[in-house]
Asks: 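Handing you a structure now.
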Amino acid sequence: MQNTLALFQELATLLFEDEKMRPVATFMPSEDLLDTMDLSLQEQAIMDEDFVAVLKELILSSPKTATHAFFNQLFGGRNEKAVLGDLLAVLLNNSMYTYKAAGAQIGVEKVILEKCCTMMGWDHHSGGTIAAGGSMTNFMAMLMARDKKGVDVRHAGVQQKMTIYTSVESHYSVPKNASFAGIGRDQVRYIPVDERGCMLPHLLENAIAEDLKMGLTPTMVNATAGTTVLGAFDDIPSINEICQKHQIWLHVDGAYCGSVLFSKNYKHLIEGIEAVDSFSFNAHKMIGTPLSCSLLLVKDKTWLYRSFANEADYLYQTDEDEFNPGKTSLQCGRRNDALKFWTLWKSVGTEGLEGIIDKQFELAAVARDYLQNHSDYTIYSYEDSISVCFNYKDIPARELCTLLYENSKLLVGYGTFKQFEFVRLVTINAQNEKEDILNFFKVLEDFVAQNPARWTTQTRTE
Ligand SMILES: *Cc1c(COP(=O)(O)O)cnc(C)c1O
């Protein structure tokens, strides 16, 4: 193992050097990948040198998500304290179902979940779990909502025609999860949004009334804290009032921006969060841990047990339920995603986490400022969002993003809202500085200037 760790160190050093020199990996068309690199598997073992050589090639060819040129998705950067925790989790290889198998690591997860529940304003009736991503924590919330509403649904299956409500701007996991839950994709009602991308509560109210009239069973409302494209926050108090009135489970999908929970300056964006039934957020997005680390917090933890507990005497052989979190999990064997969050939190403190969140909003303000002061840009996003959406010189966003990628300049994506398509710059890497954001625009502008013939100006739909 010592030799392998030395090799790891060598490979890591190679990667760090390369990231400095080439923040974007050389573009490789997907159709050429398997011809360019030998990823094939053989019957025989290979020589150590060949093994190391292929590992080096693989590392240097992979997209670099930790550099200041990666703005493509809702994660980025590399927090060393969190990486350390994740490396240790791999080394220890505990499975997070029982105290017997994971011991002190159960305490690590428990402390994180309890602390987050306290920050939600909840008491000891609350609880939570960590799962393999926001799609899954959202799924678990939907299952609890279904099991609470459905008559004997756990044993007899879904009997009623249930309905789910979410905004048109919400994440695609909602319809997928509705299908997995036996509720059905056609039973999802997409509520329109205002000009900032927030769900319109009166239209939610109308949709529920309509379904009740038809004899359907409204089961869950999914509000979003940070929509995937614009980073918009739904109005939780207004939505909650409607849910209370009709006894509907309210889940808040904060996968993207729910981590504002950690910031005194931005917590107001999820005002009213203490009143919801469940809340999910991805520490691997705003908090910046390695993938993946998604938390699900539930105001009344009995629903977690009701939906996910199962007797299994081959597994649960010692200790109370509280120390056997397999009883509140969708999975059986479960990776330790808690430790990376804990090592980060332990080392920087809650204040340090707050600093990470605030920094992202500062960087977004830098970007918006730049756009507002340069007339070649059209801006589509608002303050209180770390998704900064814009177009440059009316160049079609998808063309610009794709060419930046194919020329190994920048990794950035595009999005759409209403009739507009635009570049979406996500300032989620808190290790970036103001200069990195300004450099992003410089690289983009230089690239456009150097390739004048390439651009087909889009006709504006305004
Ligand atoms: C990213 C995201 C998800 C999905 O999270 P994964 O961890 O990628 O499964 C869900 N909802 C929103 C709003 C997101 O931004």
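Count residues from 1 along the sequence. Atoms considered below: every heavy atom in the structure, side chains included; atoms not considered: hydrogens, waters and symmetry mates. Whatever order the structure lists them in is the order used to number ligands and atoms, beginning at 1.
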Asks: Could you check Tyr382 against Phe233 for ring pair (Phe, Tyr, Trp, His ring centres under 6.0 Å), going step by step and ending with a plain yes or no?
Replies: CA-CA 11 Å; Tyr382 298 91; Phe233 291 82; over 10 Å; no
Asks: Between Ala397 and Tyr414, what is the shortest heavy-atom contact and its length?
Replies: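 For Ala397 and Tyr414, the tightest heavy-atom pair comes out as CB-CB, 3.9 Å.
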Asks: Quick check on side chain to side chain contact (heavy atoms under 4.5 Å, CB included): which of Thr217, Val153, Thr219 does Val158 satisfy it with?
Replies: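 With Val158 as partner, side chain to side chain contact (heavy atoms under 4.5 Å, CB included) holds for just one option, Val153.
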Asks: Please confirm whether the backbone N or O of Leu304 pairs with a side-chain atom of Ser307, one donor and one acceptor, at under 3.5 Å?
Replies: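 No, Ser307 side chain to Leu304 backbone: no donor-acceptor pair under 3.5 Å.
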Asks: Under 4.0 Å between a Lys/Arg side-chain N and an Asp/Glu carboxylate O for Arg335 and Asp337?
Replies: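 So Arg335 pairs with Asp337 through a salt bridge.
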Asks: Short N or O contacts of ligand 1 with protein, under 3.5 Å, listed by atom name?
Replies:
residue  : atom   : partner : partner atom : Å
ligand 1 : 5 (O)  : Gly134  : N            : 3.3
ligand 1 : 5 (O)  : Asn282  : ND2          : 3.3
ligand 1 : 7 (O)  : Gly134  : N            : 2.7
ligand 1 : 7 (O)  : Asn282  : ND2          : 3.0
ligand 1 : 9 (O)  : Gly134  : N            : 3.2
ligand 1 : 9 (O)  : Ser135  : N            : 2.9
ligand 1 : 9 (O)  : Ser135  : OG           : 2.9
ligand 1 : 11 (N) : Asp253  : OD1          : 3.2
ligand 1 : 11 (N) : Asp253  : OD2          : 2.6
ligand 1 : 15 (O) : Thr228  : OG1          : 3.4
ligand 1 : 15 (O) : Lys285  : NZ           : 2.9

Asks: Under 3.5 Å, is there a donor-acceptor pair linking the side chains of Asp358 and Asn265?
Replies: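 Indeed, the side chains of Asp358 and Asn265 share at least one donor-acceptor pair under 3.5 Å.
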